[in-house]
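This report refers to the structure that appears directly beneath it.
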Amino acid sequence: MACRRRKMRILLLLLFYQCATNNAENHRPSDPNFVLIMVDDLGIGDLGCYGNKTLRTPNINKLAKGGVTLTQHIAASPLCTPSRAAFLTGRYPVRSGMAALSKIGVFLFSASSGGLPTEEITFARLLKEKGYSTALIGKWHLGLNCNSRDDFCHHPLSHGFDYFYGLTATNLRDCKPGQGSVFVAGIQVYLATAFRIISITLISLLVLHYTGLFRISHGSLGFFLISTVLFGILLVFFFTFRYLNCFLMRNYQVIQQPLSYENLTQRLTEEAVQFIGRNTDAPFLLFLSFLQVHTALYASEDFKGKSKHGLYGDAVEEMDWSVGKILDVLEKWNLNKKTLVYFTSDQGAHVEEVSSTGEVHGGYNGIYKGGKATNWEGGIRVPGLLHWPGVVQAGAHIDEPTSNMDIFPTIVKLAGIPLPKDRIIDGRDLMPLLQGKILRSEHEFLFHYCNAYLNAVRWHPGNSESIWKAFFFTPNFNPEGSNGCYNSHVCFCYGSSVTHHNPPLLFDLSRDPREKTPLTPETEHHFYGILDVIQQAVNNHTKSLHPVANQLSWGNILWKPWLQLCCSSFFLSCSCDHESKED
Ligand SMILES: *[C@@H]1O[C@H](CO)[C@@H](O)[C@H](O)[C@H]1NC(C)=O
Ligand SMILES: *[C@@H]1O[C@H](CO)[C@@H](O)[C@H](O)[C@H]1NC(C)=O
Ligand SMILES: *[C@@H]1O[C@H](CO)[C@@H](O)[C@H](O)[C@H]1NC(C)=O
């Protein structure tokens, strides 16, 4: 007996020893830290370092001054869900099934079954395997559950993050009382009316039936009852939208349902600061994914009413304050020289965002046309700043095409990890460009998708300064002549929402960054030759795509009550607040 116990003890010691050495061997002292900051819907024209004169973003400007400013940094998609999927995997969203065939290109509900597939490899997963401490703080928007409410198959902790604090769905007007609604308001009225009609009919039928005035079969009565109940459930969903979809989690636990906007940016910042503080002597990856500056807009007391651009400006300035706090804490722990900081937005500003009182709630895309949900430059040309003192150039501006998919190979390589060999990675290592070792981007072509539809192609030939961009279709702005799709709140990708072009609409962004004047065979002698090469590139690219399950099919985005997370046991009052009590 004693002998067995001793053996056990030795075994445990050995195990412990092995774990300890494994961890120590796994990462090298030279392994850099990564702080990746993504803002939601921020326009390239909102930042001082990109030319804004009235919005105050001193901390972000400091990043630009001490690092590289990318002036042609391209989001892989003009919408949140697909752009973030591409960012985390280094692959076009069509490769992972994160690009919709239908109108709705993002997840709207927390209890949908679609999400980033388990087979996809995120940079977080690779770094975690290497011994990095990894955290996501803020917005996820890449799914939650598959089949049951606790399988968490799409949850950040299933995709390589050790720690998660934030929102699994997205910030929306519907999450904040009094801020109006993106889509619920439109149908609430109809739902309520329909419910009234159904219930009155049902009650009348029951009365008629049981008083013997009119006999209906039990079958049809049952059918009627069931549809009423289903309809009631749907109605409850729409009226409790905020509770069911806008909640904060810490790891697997729902901690605030519905989420409170009070000091929210401060809370996210504090979480990020603490995470860095816990990892001062081990390499870490922090993905700080702001809920700002997507609507519903909010700002804490210190920032409300302080900017020159209403609540939107207040929100941008508070986000900038938060970036400053992160830079301060890196400095405090003497981690600047060991940390690569990246700053970007998931897509261009949402130009159609105007509040019910007429206040502009969308950002500014500078000289660029259109915005979020379009592949005009305004929708995809986003801020791209990389800061790493002593390693990447300080104060450099790089005009070459780069992509938010490039972060994947860049940081994986910096961590000394080989790239996955069993799949196509569309991103390219940025380091040679950032260090001035090469002057040309490795992206000769970039493919611009509107959901799952190939919308446009960018071609930067190796031997010329031109940046050709050919559109196969363009969104129909409404009202005509405006800069967006104001009648439908966002632009859509097919049907009567777009105009197809044959031959494609061709621009040279190096001469016409505003995409004002399409070229013609008369104004561009190589017109057909250019389109030929682009078509070849499309053929090559299309051949490299494999069929995958569509994560944004109707079946995968609709609300599934059995997947609904609720922090209290009584379903109709999903409500709790562990945040205020604890802190
Ligand atoms: C700065 O940003 C604000 C808010 O988006 C915008 O209204 C304004 O036009 C921008 N100003 C400049 C000079 O770019
Ligand atoms: C928000 O922050 C302010 C100022 O720091 C503080 O007075 C207030 O109590 C905070 N509110 C919550 C709910 O924490
Ligand atoms: C397409 O692929 C072929 C075969 O690999 C290659 O020779 C050609 O250069 C490619 N064309 C473009 C435009 O990428």
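Atoms within a ligand are numbered from 1 in the order they appear, just like the ligands themselves.
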Worksheet item: Does the ring center of Phe343 lie less than 6.0 Å from the ring center of His387?
Response: no
Practice prompt. Could you pull out the closest heavy-atom pair between Val94 and Ala99, with the gap in Å?
Written response: CG1-CB, 3.9 Å
Response to the item:
Smallest heavy-atom separation, Gly105 atom then Thr81 atom, equals O-CB, 4.1 Å
Discussion item. Using the rule given for disulfide (SG to SG under 2.5 Å), can you reason through Cys574 versus Cys567, listing the C-alpha separation, both sets of side-chain angles and the distance that settles it, and then say yes or no?
Written reply: CA-CA 6 Å; Cys574 288; Cys567 63; over 6 Å; no
Fill in: From His309, Lys53, Lys308 - option closest to atom 8 (C) of ligand 1 by heavy atom
His309
Discussion item. Counting non-hydrogen protein atoms only, what is the nearest one to atom 2 (O) of ligand 1? Give residue, atom name and distance.
Written reply: Asn52 ND2, 2.3 Å
Worksheet item: After noting the C-alpha distance and the side-chain angles of Lys308 and Glu317, does the key distance pass the side-chain contact (heavy atoms from CB on, under 4.5 Å) rule?
Response: CA-CA 10 Å; Lys308 291 201 173 104; Glu317 293 189 356; over 6 Å; no
Item to complete: Any atoms of ligand 3 less than 4.0 Å from a non-hydrogen atom of Asn540? List them with their elements.
Response: 1 (C), 2 (O), 3 (C), 8 (C), 10 (C), 11 (N), 12 (C), 14 (O)
Discussion item. Out of all atoms in ligand 3, which are within 4.0 Å of some heavy atom of Gln536? Include the element for each.
Written reply: 11 (N), 13 (C)
Practice prompt. Could you tell me which atoms of ligand 2, counted from 1 in the order shown, lie closer than 4.0 angstrom to a heavy atom of Glu262?
Written response: 11 (N), 12 (C), 13 (C)
Item to complete: Please identify which atoms of ligand 2 are closer than 4.0 Å to at least one heavy atom of Asn263.
Response: 1 (C), 2 (O), 3 (C), 8 (C), 10 (C), 11 (N), 12 (C), 14 (O)
Which of the atoms of ligand 1 are close to [X], meaning less than 4.0 Å from one of its heavy atoms?
| X | answer |
| --- | --- |
| Leu55 | 2 (O), 4 (C) |
| Gly45 | 1 (C), 2 (O), 14 (O) |
| Asp46 | 2 (O), 4 (C), 5 (O) |

[atom] protein-contacted (non-hydrogen atom, under 4.0 angstrom):
| atom | answer |
| --- | --- |
| atom 4 (C) of ligand 2 | no |
| atom 11 (N) of ligand 3 | yes |
| atom 14 (O) of ligand 2 | yes |

Discussion item. Under a 3.5 Å threshold, yes or no: a donor from one side chain and an acceptor from the other, between Tyr163 and Glu271?
Written reply: yes
Practice prompt. Run the numbers on Thr168 and His141 for side-chain contact (heavy atoms from CB on, under 4.5 Å), then give the verdict.
Written response: CA-CA 5 Å; Thr168 61; His141 213 184; over 6 Å; no
Discussion item. Rounded at 0.5 Å granularity, tell me how far CZ in Arg84 sits from CG in Asn404.
Written reply: 10.0 Å
Practice prompt. Please work out whether the ring planes of Trp376 and Phe471 are parallel, tilted or perpendicular, with thresholds of 30° and 60°.
Written response: tilted
Discussion item. Counting only nitrogen or oxygen atoms and a 3.5 angstrom limit, does Tyr312 reach ligand 1?
Written reply: no
